[in-house]
Protein chains: 2
Amino acid sequence: MTKLPSKRKTTAEIYQLIRNKITSFEMFPGDRVTEHELADLFEVSRTPVREALKRLEVEGFVSVRPKHGCFIRDFDIVELAEYYDIRIALEQLAVEHACESMPDKLVKQAMEAWDPARHDDDMARGIDLSVKDEAFHIGLAEGAQKPMLADMLRSINNRIRIIRRLDINADNRSLRTYREHFEVLQHILNRDAGKAKLAIKRHILRSRDFAKTLTLTALAQKKAQIRAGNTR
Amino acid sequence: MTKLPSKRKTTAEIYQLIRNKITSFEMFPGDRVTEHELADLFEVSRTPVREALKRLEVEGFVSVRPKHGCFIRDFDIVELAEYYDIRIALEQLAVEHACESMPDKLVKQAMEAWDPARHDDDMARGIDLSVKDEAFHIGLAEGAQKPMLADMLRSINNRIRIIRRLDINADNRSLRTYREHFEVLQHILNRDAGKAKLAIKRHILRSRDFAKTLTLTALAQKKAQIRAGNTR
DNA sequence: CGATGCAGTGTTGTATACAAGCGGTGCATG
DNA sequence: CATGCACCGCTTGTATACAACACTGCATCG
């Protein structure tokens with residue numbers, strides 16, 4: 001977040017900036033913003049703001065009411081659960097295909113990366129676990145050579161991130177993640193689709209429960225904060 | 001396609017127009033178009049064309065290379081198969097949830113609509129089967145009260161339609177569609193998730209094979225046409 | 001003869017000006 | 001006092017002008 005002497009910003013940058021403002025709770029669900037405000041704020045014209053908002057709209061971050069304004073979309077925990085359900089279905093499919101066609105070499109590479117023995121070292125080196133985690137799940141679909149499936153998982157992750165705004169880093173669940181990922185990979189290496197599918201399902205279910213509680217507490221905290229210092 | 005005396009067109013209309021040009025093979029995969037061309041063609045400014053293209057890009061119809069132009073996206077049959085696989089996974093999920101929570105009333109309504117006895121009558125009345133078919137599949141997810149799942153199915157259908165450009169109407173498979181849909185609904189009414197999932201899987205697999213051959217022949221025909229009257 | 005620099009042209013990216021539509025406010029009227 | 005209606009401001013939708021950049025082709029130099 002260094003503030004370089006305001007060079008001309010591009011649409012992609014505006015998109016990121018707004019997205020950050022939403023996910024970091026700087027803009028709260030239900031808030032209304034206008035294209036003009038954002039344009040002034042970022043010191044660009046309305047055009048790139050508009051394009052960024054369009055993109056954010058299809059991704060579900062905001063909804064723009066014609067001639068009226070742009071609203072930060074609300075979300076609910078039911079929606080989150082639904083997305084995790086969908087993830088289970090899709091990732092079981094990915095794992096199944098991976099058992100059939102993911103090359104041993106790739107599987108072994110992934111196993112190295114997720115060897116539980118590496119956990120402490122990774123943590124010490126400040127690896128961003130949320131990024132690594134996402135790469136794992138997408139990687140299964142890509143390893144199975146299902147690019148469209150991978151795309152779809154990416155877009156679901158985008159939407160989940162809207163809801164689950166916290167990163168997975170600072171929790172005590174990280175070692176468990178290594179173990180669970182490693183287990184899935186072992187089953188894939190053994191070409192045991194049944195076990196692999198079960199393992200990935202259990203893993204995602206656990207992530208879901210974890211994400212749910214985490215989100216609820218964070219949201220409650222934020223709401224309390226706002227209620228306390230009602231400076232808007 | 002009536003050509004009203006060119007009233008001012010809106011972004012949504014431009015979107016539809018371009019989309020039609022693509023799906024009807026008026027623009028062929030690999031073709032390059034510029035925003036300016038399209039703007040002139042439709043007699044609007046570049047702005048709405050640009051927005052329409054952005055939308056078409058996220059939906060996979062075109063890909064715009066920065067500062068270079070906009071290209072009609074190519075596709076391949078492997079991609080099609082992958083989407084059908086994904087559909088199987090998602091629709092099995094939808095059916096499973098439908099068995100749990102879709103109200104009897106909705107199921108019976110759908111059964112009425114898909115009663116094989118109705119087939120001839122529907123055909124005589126010129127019902128658009130492709131629309132009705134899509135409504136069935138989406139309807140299962142909606143009936144199970146999984147709006148996000150329904151959304152996802154919609155977007156997959158969009159992408160499948162890019163590839164499978166022909167409508168399902170003029171074929172000899174329509175009665176079979178009625179029977180297969182009816183069977184799925186029967187299982188849902190009986191709350192037999194196992195059988196329902198199997199039935200929907202078989203149904204989609206059959207659609208897939210059908211779509212594949214249909215697309216291949218249509219594409220071949222079109223290519224032959226172009227090769228014959230090479231008027232570009 | 002080949003490679004490389006360089007300018008020209010065409011395309012998208014961005015800024016700005018103008019049009020159109022919706023909502024709210026305030027006034028007039030019953 | 002309630003209600004309808006007109007006007008005004010604010011917001012998005014569209015048009016146009018300008019900027020920046022990538023590719024192409026040619027000329028020039030090794």
For this session: Starting from P on D:dG13, measure out to NZ on A:Lys54 and report it in whole angstrom.
Result: 6 Å
Exercise. Mapping A:Arg65 and B:Val33 onto DNA chain C by nearest heavy atom, which one lands closer to the 5' end?
Worked result: B:Val33
Exercise. Roughly how many Å is it from CZ in B:Phe42 to P in D:dA15, rounded to a whole number?
Worked result: 13 Å
Exercise. Do B:Arg173's NZ or CZ and the ring of B:Phe210 fall within the cation-pi criteria of under 6.0 Å and 45°?
Worked result: yes
Exercise. Donor-acceptor pair, A:Arg19 side chain versus A:Phe61 backbone, under 3.5 Å?
Worked result: no
Exercise. In whole Å, what is the span from the CD atom of B:Glu43 to the C1' atom of D:dT14?
Worked result: 15 Å
Seminar exercise, completed: The nucleotide from D:dA15, C:dT14, C:dA15 with an atom nearest the side chain of B:Val44 is D:dA15
Problem set entry | Residue B:Lys67, side-chain heavy atoms: nucleotide from C:dT12, C:dT14, D:dG13 that is nearest | C:dT12
Problem set entry | Given DNA chain C, 5'-ward residue of the pair A:Pro48 and A:Pro66, judged by closest heavy atom | A:Pro48
For this session: Could you tell me whether the phosphate oxygens of D:dT14, OP1 or OP2, come under 4.0 Å of any side-chain nitrogen or oxygen in B:Thr47?
Result: no
Exercise. Which nucleotide in the set C:dT12, D:dT14, C:dT11 lies at the smallest distance from any side-chain heavy atom of B:Arg32?
Worked result: C:dT11
Exercise. When the distance from CZ of A:Arg46 to C1' of D:dA17 is rounded to whole Å, what number comes out?
Worked result: 16 Å
Exercise. Could you give the CD-to-P distance, from B:Glu35 to D:dA17, as a whole number of Å?
Worked result: 17 Å
Exercise. Is any side-chain nitrogen or oxygen of A:Thr11 closer than 4.0 Å to OP1 or OP2 of C:dG13?
Worked result: no
For this session: Indicate whether OP1 or OP2 belonging to D:dG13 is found under 4.0 Å from a side-chain N or O atom of A:Arg50.
Result: yes
For this session: Round to a whole Å and report the spacing from OH of B:Tyr15 to C1' of D:dT14.
Result: 20 Å
Problem set entry | Residues A:Glu59, A:Arg159: salt bridge by 4.0 Å N-O rule | no
For this session: Provide, to the nearest angstrom, the distance between the CD1 atom belonging to B:Ile14 and the C1' atom belonging to D:dA15.
Result: 13 Å
Exercise. To the nearest Å, how far apart are A:His36 NE2 and C:dT16 P?
Worked result: 10 Å
For this session: Quick one: which residue pairs count as a salt bridge (Lys or Arg N to Asp or Glu O under 4.0 Å) with a foot in residues 135-146 of chain B, not counting sequence neighbours?
Result: B:Glu142-B:Arg154
Exercise. When you look at CD of B:Glu37, are more than 12 heavy atoms from neighbouring residues, nucleotides or ligands closer to it than 6.0 Å?
Worked result: yes
